[in-house]
Structures are given as structure tokens and as C-alpha cells.
Amino acid sequence: KQEVTQIPAALSVPEGENLVLNCSFTDSAIYNLQWFRQDPGKGLTSLLLIQSSQREQTSGRLNASLDKSSGRSTLYIAASQPGDSATYLCAVRPTGGSYIPTFGRGTSLIVHP
Amino acid sequence: DGGITQSPKYLFRKEGQNVTLSCEQNLNHDAMYWYRQDPGQGLRLIYYSQIVNDFQKGDIAEGYSVSREKKESFPLTVTSAQKNPTAFYLCASSPRTESSYNSPLHFGNGTRLTVT
């Protein structure tokens with residue numbers, strides 16, 4: 001069964017720092033990996049989706065990489081801002097079975113001024 | 001704008017009562033999902049439906065029921081058999097065809113259910 005782990009569980013950084021969030025998964029048979037942002041009491045907002053054939057995706061200050069063979073993805077946030085404070089979750093969609101995504105527990109990020 | 005609408009945002013019920021959470025999408029997606037989120041835990045799959053009039057149990061289906069009579073709608077009923085129903089419930093959708101499994105998953109804004 002696919003297991004997705006996110007490290008660290010929580011992170012507090014000063015504004016302006018570059019930071020890296022980690023996501024690891026146990027089964028490399030995946031279609032894609034998707035990164036989400038969740039604000040308190042809200043749903044999940046999609047940030048980036050990386051297909052299994054891709055190595056990275058970029059959107060503004062966000063860059064996500066994927067190393068499928070080692071079962072790892074990183075989300076890089078450049079020049080962090082207080083507005084980046086949220087929980088970040090990753091999810092992997094498998095290639096077989098019901099194709100249902102499996103989620104990590106998320107990394108709770110606080111960026112303080 | 002296309003999206004997923006969950007209602008209500010907050011729901012309060014007495015123990016022993018059934019309650020139905022609404023999820024409507026206008027994205028023309030075939031697949032719809034219900035997740036439960038508890039503090040400090042990841043999203044856990046309750047039920048999913050990949051096509052109208054068909055649905056499957058997820059990892060924690062006990063005490064819940066669903067229907068999928070229309071493509072746009074996937075309501076979730078939390079029954080009195082669910083032992084610990086207080087949680088944040090999230091509905092999601094995605095395209096389903098073989099060629100679209102690389103399409104992103106979309107989420108609604110969630111319903112927070114409190115049972116006392």
C-alpha cells in the first residue's frame with residue numbers, strides 16, 4: 001500500500017528565507033504528484049502538478065521537483081512571505097487499481113515578519 | 001467560473017441524527033471523492049464515485065453513505081452509526097478517462113460538522 005510522508009511536520013521561518021518542503025512515497029508506480037496549499041478552515045488549492053515523466057514544475061516563487069525512482073519530491077519556496085503561511089500537502093496518484101490519490105499529512109508553515 | 005460547491009460551511013447536529021452534506025460541481029468531471037480530515041491527520045478517503053450510479057467504499061466508509069444520481073452531485077450522509085463524526089469533510093473531483101489521470105484534483109471549501 002502506498003505511503004506518503006511529509007517532513008517536517010511544522011516549520012517556522014523569518015520572512016525572506018528560501019525553504020524546502022519534502023514529500024516521500026513508497027511506491028514509484030505513479031501517474032503524478034500534486035502539491036496543495038490549505039489555509040485554516042478551507043479546502044485544498046492546487047499549486048503544482050508534476051507528471052511522472054517530468055522532473056520539475058515552476059509557478060512564480062514555487063518550484064516542485066520529482067525523483068520518481070527514489071520516491072521523493074520537494075517543494076521549494078523562494079523569498080518566503082507571511083502570506084505563504086499555510087499547510088502544504090502532497091498527493092500521489094497511482095498508475096494501477098482505482099487511481100485514487102494518497103495524501104501526506106502535510107507541513108504546517110509559518111512565515112513571520 | 002467552474003468549481004466545486006460544498007454546503008453548508010458549518011453544520012451542527014445532535015448525536016443520533018443523520019445529516020447530509022452537499023457537494024456540487026460544474027467542472028463536468030466524472031470522478032468525485034469524499035475525504036475526512038482530522039487535526040494532525042492526512043486526508044482519509046470515505047467514498048468515491050467514478051461514474052454516475054456507481055460508487056465504491058474508501059478506507060473509512062463505515063457509518064457513511066453516498067449516492068450518485070447525477071454527474072454534478074455527490075451527497076454524503078453521516079449516519080448515527082458513525083462513532084466519531086465530528087470532523088472537516090472535503091469533496092473533490094477530477095476527470096476520469098485513461099488519458100486524463102494526469103489532470104489535477106479539485107477541491108471544495110469543505111464542511112465542518114460538529115456533533116454533540
Side-chain angles (χ1 to χ4, degrees), chain A residues 1-10 21 23-26 29-54 57 59 62 64 66 68 86-108, chain B residues 3-7 9-10 21 23 25 27 29-51 54-61 87-114:
Chain A
K1 182 182 176 184
Q2 178 76 270
E3 291 184 9
V4 180
T5 303
Q6 290 190 246
I7 294 173
L21 308 182
C23 172
S24 62
F25 47 95
T26 54
I30 64 170
Y31 262 111
N32 60 54
L33 185 145
Q34 193 170 357
W35 281 95
F36 295 88
R37 170 188 172 131
Q38 185 178 29
D39 293 293
K42 302 284 189 180
L44 277 66
T45 299
S46 180
L47 297 174
L48 290 164
L49 181 144
I50 311 178
Q51 298 181 20
S52 62
S53 59
Q54 298 175 322
Q57 281 285 335
S59 176
L62 304 179
L66 175 64
K68 197 175 75 162
T87 297
Y88 292 81
L89 296 99
C90 66
V92 296
R93 187 187 283 267
T95 56
S98 56
Y99 307 99
I100 303 298
T102 300
F103 285 81
R105 294 189 176 193
T107 293
S108 177
Chain B
I4 301 176
T5 300
Q6 289 188 244
S7 62
K9 187 173 181 179
Y10 300 99
L21 283 60
C23 177
Q25 55 100 357
L27 299 166
H29 287 169
D30 287 303
M32 297 186 74
Y33 314 82
W34 274 105
Y35 290 93
R36 170 180 173 142
Q37 188 177 37
D38 295 284
Q41 299 214 30
L43 274 67
R44 292 185 289 169
L45 182 67
I46 304 172
Y47 268 98
Y48 65 97
S49 167
Q50 304 213 26
I51 199 166
D54 185 57
F55 49 83
Q56 305 296 328
K57 292 182 180 180
D59 300 320
I60 56 164
F88 189 52
Y89 291 88
L90 288 160
C91 179
S93 73
S94 69
R96 181 195 170 255
T97 58
E98 182 69 27
S99 62
S100 62
Y101 282 124
N102 268 319
S103 298
L105 202 58
H106 296 259
F107 278 85
N109 276 330
T111 292
R112 183 164 299 281
L113 173 65
T114 302

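In what follows, chains are A, B, ... by sequence order, proteins preceding strands, each numbered from 1.
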With sequence neighbours excluded, tell me which residues meet side-chain contact (heavy atoms from CB on, under 4.5 Å) with B:L27.
B:I4, B:Q25, B:H29, B:S93, B:H106

Part of A:L44 within contact of chain B (heavy atom distance under 4.5 Å)
both

Kindly give the heavy-atom pair with the smallest separation between A:Q38 and A:G43, and that separation in Å.
CG-O, 3.6 Å

Taking the side chain as every heavy atom from C-beta outward, state whether A:T26 and A:Q2 have any pair of such atoms under 4.5 Å apart.
yes

Which of the residues A:P101, A:G104, A:G106, A:S108 is involved in the greatest number of heavy-atom pairs with chain B at under 4.5 angstrom?
A:P101

Side chain to side chain, B:S94 and B:Y33, heavy atoms closer than 4.5 Å
yes

Pairing residues for A:R105 by the side-chain contact (heavy atoms from CB on, under 4.5 Å) criterion, not counting sequence neighbours
none

Bottom line for B:L90: the part with an atom under 4.5 Å from chain A's heavy atoms is side chain

Structural part of A:Q6 lying under 4.5 Å from a heavy atom of chain B
neither

Residue, of B:Q37, B:Q56, B:R112, that accumulates the most heavy atom pairs under 4.5 Å with chain A:
B:Q37

Residue B:Q6 versus chain A: region with a heavy atom under 4.5 Å:
neither

